[in-house]
Amino acid sequence: MTYDFPKRFLWGSATAGHQVEGNNDNSDFWAEEQVEGSPYNEKSGEAIDHYTLYKEDIALMASLGLKVFRFSIEWARIEPEPGRYSQTAINHYRDVLKTCYEHNITPFVAMHHFASPKWLMQFGGWASPDVPDRFAKYCEVVFRELGELIPYVLTMNEVNLPVMLRELFTSIGFIPPVGIGRDAWTAPGWREEAAKLCGATSDQYFTFHMLSDERSLHILRQTHQKARQAIKSIQPNTLVGLSMALSDVQCIQGGEKIAAAKWQSYFSQYLPMIEEDDFFGLQNYTREVYGPNGQVQPDKEAELTQMGYEFYPEGLSNVVRKVAQSISIPIIITEHGIATENDSRRVEFIRKGLAGLQSCLEDGIDIRGYLHWSTFDNYEWNSGYTKQFGLIEVDRTTQKRKVKESARFLGQIAKSSSLVNN
Ligand code: BGC
């Protein structure tokens, strides 16, 4: 069977600065990686040196047929000290954007993808009431310089991840950053050291991934709205949104209440934030099933990905349908991916995910694009370089790129905007 997607559908893949650029050394994540007892398995270091190799990388994406490139502009590079903006960094990102256009690739930018400048911690990090204005000012500077080159922007990536992490870790009383394991997180001292490296005390230290209580939600909301205002006042035509990580929340008998509460805290409570957005960035990787006693683990026979969660490409369309019941703005899939050594499973994951999207489109749901996570095998936060999410493999000793079958598969679909599902 052949599925035809709308001709103007956005087909592409996604990255984040800290995970691919290398040497994002003015950021809080960098500080966390360096310290004794750090919960990160590996340091990001040079990453895949995309900061140097972006021209070749973008040309490679174009040669595959991909039409859209999602990447983040790193706040820590643009504003290395409070109120001082780096012309070198601005010129760098201008060149990245222009390179996209030279290759007929549409840039899709995130203004924040988890990492923040170290100096922000000296002001109380993301707990500070000043953060919405500081972030809006950073957006304003970027949009004055580069706005006309940015047609789509996410103010922040996965505003709801801190809440998901909190729910996972409440038992140990910490709000950890991305994917941190329980043992590492409780290792003494490292956090104080990370704060020191940021020129702050541990009381002041509050990263993006700690934004999960009521007060934090207010700060997040203000940050998003002020950033959107700043962007729109300079570039009214840029489409602005944010993204959320959304597992397909399911229940078995007796788990209905828990599942409903999860959906409320993962998704519905954020709805007031996005009321005036131009689109919603939906990101899905798997499902979570709840029973009367909480989360039910996958069956013994279930296929698990390298991340330990279930291979469940059907989750994408299930989440799209649920989200579409609550919002009336268009949906763009800003991440959907799988960590696996077996690239044919990635092909299958994409194929099934897209077949699900096609059925949503047939039912009239307004979906505008699909950006796969990730363009490259990259730095998977606390897991270091051990997880393979990429369409393209990278040998980090030589920084050579090697195209996988899944990249060709998605590129082919992008070229024709259709999917042959056999
Ligand atoms: C994040 C990425 C991350 C991916 C895979 C998403 O939550 O936006 O930065 O690498 O999931 O875990």
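Indexing begins at 1, ligand by ligand and atom by atom, following the structure's order. Only a predicted model underlies this, so the values are computations on that prediction, with no experimental measurement involved.
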Per-atom contacts, ligand 1 versus [X] - under 4.0 Å to a heavy atom:
X	result
Phe389	5 (C), 12 (O)
Asn157	8 (O)
His113	1 (C), 2 (C), 8 (O), 9 (O)

Region of Asn378 engaging ligand 1 - heavy atom pairs below 4.0 Å: neither
Inter- and intrachain pairs under salt bridge (Lys or Arg N to Asp or Glu O under 4.0 Å), touching residues 301-310, at least two apart: Arg287-Glu310, Glu303-Arg345
Lys387 near ligand 1 by a heavy-atom separation under 4.0 Å: no
Crowding at CD, Glu192 (>12 non-hydrogen neighbours, <6.0 Å): no
Within 6.0 Å of NZ in Lys137, more than 12 heavy atoms from elsewhere: no
All side-chain hydrogen bond (donor to acceptor under 3.5 Å, both in side chains) counterparts of Asn91, not counting sequence neighbours: Gln87, Arg94
Ring-face cation contact, Tyr152 with Arg368, 6.0 Å cut, 45° max: no
Sub-3.5 Å N/O-N/O distance, Trp381 and ligand 1: yes
